Amino acid sequence: MYHTKIAGVGHYVPENIITNQDLEKHMDTTDAWITERTGIKERRFFTEGKDTTALMGVKAAKLAIQRSGINKDEIDFIIFATLSPDFYFPGSGVIVQDQLGLPNIGALDIRNQCSGFIYGLSIADQFIKTGMYKNILLIGSETQSNFIELSDRHRNMAVIFGDGAGAVVLSRTDQTNIGILSTHLHAEGKYAEELINYHPGTRNKIRITPEMLTDGSILPYMNGNMVFKHAVVRFEEVIREALDANQLTPKDIDLLIPHQANLRISQFIQKKFAFPDEKVFNNIQQYGNTTAASIPIALSEAWEQGLITPGKLICLAAFGSGFTWGSALVKC
Ligand code: UT7
């Protein structure tokens, strides 16, 4: 059986920086509240007419392909993880396929929210392991600033989410001692409505009404407290599951890259595993929660900072809407 290595990483974030002080002008919030509860200082918002979820993904992908050393025409398949696609349908993966000029290769969109990148990594790993594909482009990209409302009624979500994209090229390798060691995926659909965007769904015949705009039900809803409580439990559990599956211990991990949901969640996990600061990568301070894009953006920045070098053991873990969660162990 083949193995899957991460051959290249890249990311792109929109240039428009929105600070906590900027948000103070739109809603009853403060830099102190946001910083204390989430760790976030600023985030990026897309520029209409310039960035879209797919186009940001293309920019991240070009960098990942360039850094992978392969030619773009060697890519066999695209997986696109997002909860904020350009269109209700078709998915954003096909736009990437067209924009990159990749002739007729398959493009799969997956909707697993904050766990989307880990789910995508697992899918890609199976395709590569079985020999079906050699090189897969996996993108996580989000444009969330256009469905949060900068208002008092939506302040619990408005201060958290941001826009951006990250991408990786996953390639077949014959080396048995490197690459993705394992992936672990979970879901608990009974909590689907604890972090949800109801509209425009298909339950109602009329999918968007003026009332939805007025009463705010058009906006995503998050039971922040509940998400937080489940996240800290599931993150720990799924990281331990990955370690156990590979007969490894927390000490073996060189770098943990958690989904950037909330700095307090990352710090909680760090404490559980007694990791020193240098073993946990966080960039939520600059980008907020970019959902499916958060892990590949962090992976790309960690690589740029020289933290991902041959021989290192990286642990990726995520939790989010669904609820869905997952982890992956990768030997570089
Ligand atoms: O990516 C995965 C998905 N998301 C997450 O993982 C998020 C998980 N949850 C969280 O990060 C936190 O629950 C939040 C940051 C969203 C909220 O923090 P919290 O400590 O759980 O606050 P809370 O929801 O319990 O609200 C505490 C107070 C409330 O006021 P009252 O009822 O005590 O008077 C809120 O209305 O804080 C208020 N509040 C705010 N105040 C200032 C909520 N949002 C804001 C805000 N600025 N932006």
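Keep in mind that the numbers below use all heavy atoms, side chains included, and drop hydrogens, waters and symmetry copies. Keep in mind that this is a model prediction, so the values were computed, not measured.
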So, for F275 and F273, is the gap between ring centers shorter than 6.0 Å? yes
With a 6.0 Å cut-off on ring centres, are F319 and H259 close enough? no
Step by step, would you call T183 with Q126 a side-chain contact (heavy atoms from CB on, under 4.5 Å)? CA-CA 10 Å; T183 55; Q126 313 316 313; 4.0 Å; yes
[X]-[Y] side chain donor-acceptor pair, cut-off 3.5 Å:
X    : Y    : result
D277 : Q270 : yes
S171 : N135 : yes
N283 : E301 : yes
Y221 : E193 : no
D22  : T19  : yes
T291 : Q144 : yes
N16  : T47  : no
T143 : T53  : yes

Assess whether a salt bridge exists between [X] and [Y], defined as any Lys/Arg side-chain N lying under 4.0 Å from an Asp/Glu carboxylate O.
X    : Y    : value
E36  : R264 : no
E237 : R240 : no
K41  : D31  : yes
R155 : E24  : no

List the steps and the verdict of side-chain contact (heavy atoms from CB on, under 4.5 Å) for L263 and T38. CA-CA 5 Å; L263 191 61; T38 71; over 6 Å; no
Is there a side-chain contact between [X] and [Y] in this structure, where contact means two heavy atoms from C-beta onward sitting under 4.5 Å apart?
X    : Y    : value
R111 : Q113 : yes
I79  : I139 : no
D163 : D51  : no
L137 : L100 : yes
F323 : H186 : no
I18  : E42  : no

Taking the six-membered ring of F228, is NZ or CZ of R37 closer than 6.0 Å to its centre and within 45° of its axis? no
Y2 ring centre to R172 NZ or CZ under 6.0 Å, with the angle to the axis within 45°? yes
Can you list every pair that meets ring pair (Phe, Tyr, Trp, His ring centres under 6.0 Å) and has a residue in residues 125-179, with sequence neighbours left out? F77-F127, F77-Y133, F127-Y133
According to the ring pair (Phe, Tyr, Trp, His ring centres under 6.0 Å) rule, which pairs have a member within residues 25-59, sequence neighbours left out? none
Are more than 12 heavy atoms from other residues, nucleotides or ligands located less than 6.0 Å from atom NZ of K251? no
Apply side chain to side chain donor-acceptor pair (under 3.5 Å) to S84 and list each qualifying residue two or more places apart in sequence or on a separate chain. T82, E142
If you group Ile, Leu, Val, Met, Phe, Trp and Tyr by side-chain heavy-atom gaps below 4.5 Å, do V9 and F80 land in one group? no
Search all heavy atoms of G326 against all heavy atoms of V238 and return the closest pair with its distance. O-CG1, 3.7 Å
Kindly compute the distance separating CG (L170) from CG (D76), expressed to the nearest 0.5 Å. 11.5 Å
